[in-house]
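Report on one structure; see the data block that follows.
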Amino acid sequence: TMDNNFINLDCTFRDGGYHNNWNFKKSLINKYLKCMSKLKINFIELGFRFLNRNKSRGETAYTDEKFINQLKIPKNLNIGVMINAGDFLCQADSMEAVCKKTFPNIKNSKIRFVRIACHVHEIFKISKIISWLKKRKILVAVNLMQISEINKKQIEKVCKFISKKKIDIFYVADSLGCMRPQDIDSVFKEIKKFWKGELGIHAHDNLHHALKNSIIANKNHGVNWLDSTVLGMGRGPGNLKTEEIINYSKKKKKKNLIKKLIKENFSPLKRKYKWGSNLYYQLAAKSKIHPTYIQEMLSLKYSYQEIIEVIDQLKTQSANRYQVDLIRLDFKKNLVLKLGTWSAKKNQKCYENQG
C-alpha cells in the first residue's frame, strides 16, 4: 500500500461545480469541511474565482471573501481557490490591477493557496500573477492542463521557466483522461529532469486509471500532491475519488466518516447529475476529445447514434480544447454536425472552462 508521504488535496466543490453550476448548499459545505477536518485532509480547494460574474452560477464559482467568511472552517484546514490564467490574460487592465481586484484584502483572507490553471502557452505569461501572490505569502501552484498533449521540448521549457519563478507546486492535469500508467511514467521522468520542486497530479477517470495513475506518480516519481473529489465529482467522467484514496491509505475508522457523508449528501447529487465514466467518455479519451463535449451532449439528451457520430467527426479535428459557446450553438442545430462543417480551430478567443 501507499506510504502516507503525500498530501491529499480535495477539490470537490471546484471541480464538482461543472455539474450543478457551482450551486452547493452551505449546509453541505459545512458538513463536508467538518468531515475533511476529521479525515485530516488539510488542503481544500473550495472553488474557482472566475472573473466574470454570471447570475446562474453558485457561490463556489467565485468563492469570494464574504462567502468564505460565512463558512465554519475548522482550524486544521488550508483553504484555496483556482483561477484560470486565460481569464486574467483577457483583461485590459494591468496584471497588478487584476490581481488586486480579484483578491481584495488578501492579507486578511482565509485563502492560503491559489492554483493557476494554464494551457502550455499561457504559463509564460503569468509571471506577474505568481510574484503578486508570492509577495503576499500565498502558496502558489501552477496547474498545467492537457499534459498528454505536451511534448518533451515544451516540458523542458515550462520546467525551466517555473523553476525561476519560485512557485511552490507544479501540478499536471490529465485533462483528456487518456493517460495510462506508462504515460505517467514517461511524463514525470521528463519533468524531474528539469524541475526539482514539489509535484502534483490531477487524474481524470475516463479509463478508470485515476487511482492507479496517482499511485504510480507517487510511488515511482515522488509526486506528493494528489487531487481527489468526493465520489469523483468533477467535470465529465470525474476524478480520483477521495474515498478510494482514503481506503487505500488510511484506517478503517476514517472510511466510515466519509461513507456517511457520501450516503447522505453526495449519492443523491450523483443520482441527479450522473457523473462518472461511461462508454462515451472512454471513447473520447481514446480519441483525445475534450470530455466536456460528451457532458454537453448527455445533458442535451443526444441519442447513442448522435453521440457516436459526433465523436467520429471530432476525432479528425482539433477537439482537445473545448469551445464552450460555439459548441452550444452547433449542438442546437444538428444539421451542421451532419455536414461536418464545425471546426474546433475557429475563433480561439477568450474562453473560460476550457481546461
Might you point out which heavy atoms bring [X] and [Y] nearest each other, and give the distance in Å?
X: G200; Y: F188; answer: O-CZ, 4.1 Å
X: V223; Y: N218; answer: O-ND2, 2.9 Å
X: L211; Y: I245; answer: CD1-CD1, 4.1 Å
X: G234; Y: H19; answer: O-NE2, 2.5 Å
X: Y62; Y: N52; answer: OH-O, 3.6 Å
X: P268; Y: K263; answer: CD-O, 3.6 Å

Donor-acceptor pair, [X] side chain versus [Y] backbone, under 3.5 Å?
X: E59; Y: W22; answer: no
X: Q91; Y: D87; answer: yes
X: N213; Y: A217; answer: no
X: Q295; Y: Y18; answer: yes
X: S37; Y: L33; answer: no
X: W275; Y: G16; answer: no
X: R49; Y: T63; answer: yes
X: H204; Y: N206; answer: no
X: D10; Y: I44; answer: no
X: D168; Y: A141; answer: no

Among the clusters formed by ILVMFWY side chains lying less than 4.5 Å apart, do [X] and [Y] turn up in the same one?
X: M179; Y: I191; value: yes
X: F113; Y: F50; value: no
X: V81; Y: L133; value: yes
X: I169; Y: I138; value: no
X: I7; Y: V140; value: no

Taking the side chain as everything from C-beta on, heavy atoms only, tell me whether [X] gets closer than 4.5 Å to [Y].
X: W195; Y: V158; value: no
X: N21; Y: R57; value: yes
X: I311; Y: I294; value: yes
X: P291; Y: L176; value: yes
X: S277; Y: L207; value: no
X: L139; Y: R112; value: no
X: H208; Y: Q282; value: yes
X: R136; Y: K107; value: yes

>> Is there a side chain to side chain donor-acceptor pair (under 3.5 Å) between N23 and N20? Walk through the geometry before answering.
In response: CA-CA 6 Å; N23 286 296; N20 64 352; over 6 Å; no
Enter the distance from [X]:[atom1] to [Y]:[atom2] here, rounded to the nearest 0.5 Å.
X: H202; Y: S214; atom1: NE2; atom2: OG; result: 9.5 Å
X: D15; Y: E45; atom1: CG; atom2: CD; result: 8.5 Å
X: S303; Y: M297; atom1: OG; atom2: CE; result: 10.0 Å
X: L144; Y: F170; atom1: CG; atom2: CZ; result: 4.5 Å
X: K75; Y: L77; atom1: NZ; atom2: CG; result: 10.5 Å
X: D185; Y: N220; atom1: CG; atom2: CG; result: 5.0 Å

[atom1]/[X]: more than 12 non-hydrogen atoms of other groups inside 6.0 Å:
X: K110; atom1: NZ; result: yes
X: K72; atom1: NZ; result: no
X: K270; atom1: NZ; result: yes
X: K66; atom1: NZ; result: no
X: K34; atom1: NZ; result: no

Aromatic ring pairing [X]/[Y], orientation class (parallel under 30°, perpendicular over 60°, tilted between):
X: Y280; Y: Y304; result: tilted
X: F43; Y: W225; result: perpendicular
X: H119; Y: H121; result: parallel

> Between N84 and F48, does a side-chain contact (heavy atoms from CB on, under 4.5 Å) hold up when you go through it step by step?
Replying inline: CA-CA 8 Å; N84 278 326; F48 274 109; 4.1 Å; yes
>> Evaluate I201 against I184 for side-chain contact (heavy atoms from CB on, under 4.5 Å), listing each step before the verdict.
In response: CA-CA 10 Å; I201 183 170; I184 295 289; 3.7 Å; yes
>> Apply side chain to side chain donor-acceptor pair (under 3.5 Å) to residues N76 and K40 and explain how you reach the verdict.
In response: CA-CA 8 Å; N76 65 335; K40 297 205 176 18; over 6 Å; no
> With the threshold set at 4.0 Å, does a side-chain nitrogen-carboxylate oxygen contact exist between R180 and D183?
Replying inline: no
> If you measure from the Lys or Arg side-chain nitrogens to the Asp or Glu carboxylate oxygens, is any gap between E156 and K193 under 4.0 Å?
Replying inline: no
>> For T229, run the side chain to side chain donor-acceptor pair (under 3.5 Å) check against T242, T12, D205, N239 and tell me which one passes.
In response: N239
>> Both conditions, 6.0 Å and 45 degrees, for the charged tip of K165 above the ring of F161: are they met here?
In response: yes
> Do R115 and Y171 meet the cation-pi criteria used here (NZ or CZ under 6.0 Å from the six-membered ring centre, within 45° of the axis)?
Replying inline: yes
> So L240 and D227, side-chain contact (heavy atoms from CB on, under 4.5 Å) or not? Walk me through it.
Replying inline: CA-CA 7 Å; L240 170 59; D227 271 20; over 6 Å; no
> Are I150 and V172 close enough, and set up right, to give a side-chain contact (heavy atoms from CB on, under 4.5 Å), and what steps lead you there?
Replying inline: CA-CA 11 Å; I150 294 166; V172 300; over 6 Å; no
> Is there a ring pair (Phe, Tyr, Trp, His ring centres under 6.0 Å) between F13 and Y32 once you walk through the steps?
Replying inline: CA-CA 10 Å; F13 296 126; Y32 154 95; 4.5 Å; yes
